[in-house]
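Input: a single structure, listed below in structure tokens.
Keep in mind that the numbers below use all heavy atoms, side chains included, and drop hydrogens, waters and symmetry copies.
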Amino acid sequence: MRVDIVTIFPEFFAGPLEASLLGKARQRGLVDVRLHDLRDHTDDPHRSVDDEPYGGGVGMVMKPEPWFAAVEAIDGWEAAQRILLTPAGRRLAQDDARFLADEAHLILMCGRYEGIDERVAEQLATDEISVGDYVLAGGEAAALIVVEAVTRLIVGVVKEPESVEQESFGPDGLLDFPQYTRPSEFRGLPVPDVLLSGNHAEIAAWRRRQALERTKRRRPDLLGPDLEP
Ligand code: JD8
């Protein structure tokens with residue numbers, strides 16, 4: 001998969017792109033991430049990317065011209081899924097990540113300031129996505145979330161594919177059950193006996209109960225409305 005990221009802060013991505021799963025996927029050639037500095041697509045000496053909002057109001061709005069120039073300079077841009085990260089977008093869910101993982105080419109557009117001239121959303125983006133109901137200072141952290149959520153679903157990136165299918169928001173849509181590892185007692189806190197029992201049927205039933213209980217308490221929205229209280 002090819003991912004192009006357009007931003008005024010390419011340095012924001014340096015660390016995260018090198019680290020961990022994503023870094024390995026890039027080394028192995030499974031994901032090709034390229035950074036583009038929006039300011040390289042300005043034509044004034046000040047390299048300006050923002051201007052005052054028409055109609056007045058606080059802050060500055062990103063100008064359309066550098067965005068069109070930057071995206072249209074990316075080879076294959078017309079066939080790519082072109083995603084604008086914005087709090088006004090549809091909220092990213094696991095199903096969206098699965099859909100995007102099947103795409104060959106993503107272009108992620110990261111705004112700053114009060115946002116981007118609406119003509120970019122209307123004419124250049126194919127999709128507008130938000131990563132959650134809280135306010136970030138710009139689209140960069142949101143783009144990293146999209147890259148991580150999507151690239152770990154690409155075949156070959158994660159070693160055990162069942163760990164991708166049986167997780168939260170997977171087919172059964174429940175939160176994960178609690179996990180434990182050694183030591184069996186830590187600061188007087190024991191691991192639940194059933195997990196040390198070796199009884200796999202009982203362990204599976206316990207995990208299922210824990211996942212259901214946790215989901216009811218923390219995320220009742222994930223359960224159907226007609227499940228007992
Ligand atoms: C892009 C500018 C900040 C947004 C005024 C200052 C996504 N889930 C999300 N929360 N926030 C964003 C996000 C925020 C952004 C930009 C994404 C560009 N800002 C602006 C409008 C109100 N602030 C996001 N995806």
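- In this structure, the separation between CD1 on Ile116 and NZ on Lys63 is 13.5 Å, given to the nearest 0.5 Å.
- Distance CZ/Phe177 to CZ/Arg209: 13.5 Å, rounded to 0.5 Å.
- In this structure, Met62 is not a member of the same hydrophobic cluster as Tyr54, with clusters built from ILVMFWY side-chain heavy atoms closer than 4.5 Å.
- Side-chain atoms of Ser197 and Trp206, non-hydrogen and from C-beta on, never get closer than 4.5 Å to each other.
- Both Leu21 and Ile145 are members of a single hydrophobic cluster when ILVMFWY side chains are connected at heavy-atom separations under 4.5 Å.
- Heavy-atom contacts from other residues, nucleotides or ligands closer than 6.0 Å to CD of Glu114 number more than 12.
- Other residues, nucleotides and ligands place more than 12 heavy atoms under 6.0 Å from the CD atom of Glu122.
- You'll find the side chain of Val157 reaches within 4.5 Å of the side chain of Ile154, heavy atoms only.
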Trace of the side-chain hydrogen bond (donor to acceptor under 3.5 Å, both in side chains) decision for Gln81 with Thr126 | CA-CA 6 Å; Gln81 198 66 221; Thr126 58; 3.3 Å; yes
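- Looking at Leu106 and Arg2, their side chains never come closer than 4.5 Å, going by heavy atoms from C-beta outward.
- Using a cut-off of 4.0 Å between Lys/Arg side-chain N and Asp/Glu carboxylate O, Arg34 and Asp32 are scored as salt-bridged.
- Proximity of Ile107 to Val71: side-chain heavy atoms (C-beta onward) are separated by under 4.5 Å at one or more points.
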Any chance you could lay out the side chain to side chain contact (heavy atoms under 4.5 Å, CB included) test for Arg208 and Asp172, step after step, and finish with the verdict?
-> CA-CA 10 Å; Arg208 174 94 195 149; Asp172 69 355; 3.1 Å; yes
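- Judged as a salt bridge (charged side-chain N to carboxylate O under 4.0 Å, His left out), and not counting sequence neighbours, Arg82 has no contacts.
- Residues Leu85 and Ser130 have side chains not in contact (no heavy-atom distance under 4.5 Å, counting atoms from C-beta outward).
- For the pair Glu213 and Arg218, the minimum side-chain heavy-atom distance is 4.5 Å or more.
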Show your working on side chain to side chain contact (heavy atoms under 4.5 Å, CB included) between Val61 and Glu52 and close with a plain yes or no.
-> CA-CA 6 Å; Val61 173; Glu52 292 164 345; over 6 Å; no
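- Ile203 and Leu212 fall into different hydrophobic clusters, where Ile, Leu, Val, Met, Phe, Trp and Tyr side chains are chained together by heavy-atom contacts under 4.5 Å.
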Could you walk me through whether Ile74 and His105 pass side chain to side chain contact (heavy atoms under 4.5 Å, CB included), step by step?
-> CA-CA 11 Å; Ile74 296 170; His105 188 186; 4.0 Å; yes
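- For Asp95 (side chain) and Phe99 (main-chain N/O), no donor-acceptor pair under 3.5 Å exists by modelled atom type.
- Between Asp50 and Arg112 there is no salt bridge, since no side-chain N of the basic residue sits under 4.0 Å from a carboxylate O of the acidic one.
- No donor-acceptor distance shorter than 3.5 angstrom exists from the side chain of Ser20 to the backbone of Leu22, with no hydrogens or angles considered.
- When each of Ile8, Leu38, Asp37 is paired with Arg47, the side chain to side chain contact (heavy atoms under 4.5 Å, CB included) condition holds for Asp37 and for no other.
- If you take OG1 on Thr7 and CD on Glu140, they are separated by 3.5 Å, rounding to the nearest 0.5 Å.
- A donor-acceptor pair under 3.5 Å links the side-chain atoms of Arg28 to the main chain of Gly156, judged by distance alone.
- Side chains of Thr42 and Glu65 form no contact here, defined as non-hydrogen atoms less than 4.5 Å apart.
- Here the CD1-CG distance, from Ile83 to Leu100, works out to 4.5 Å after rounding to the nearest 0.5 Å.
- Here CD1 of Ile129 is found 9.5 Å from CG of Leu84. Values are rounded to the nearest 0.5 Å.
- For Asp193, the CG atom sits in a loose shell: 12 or fewer heavy atoms of surrounding residues, nucleotides or ligands are nearer than 6.0 Å.
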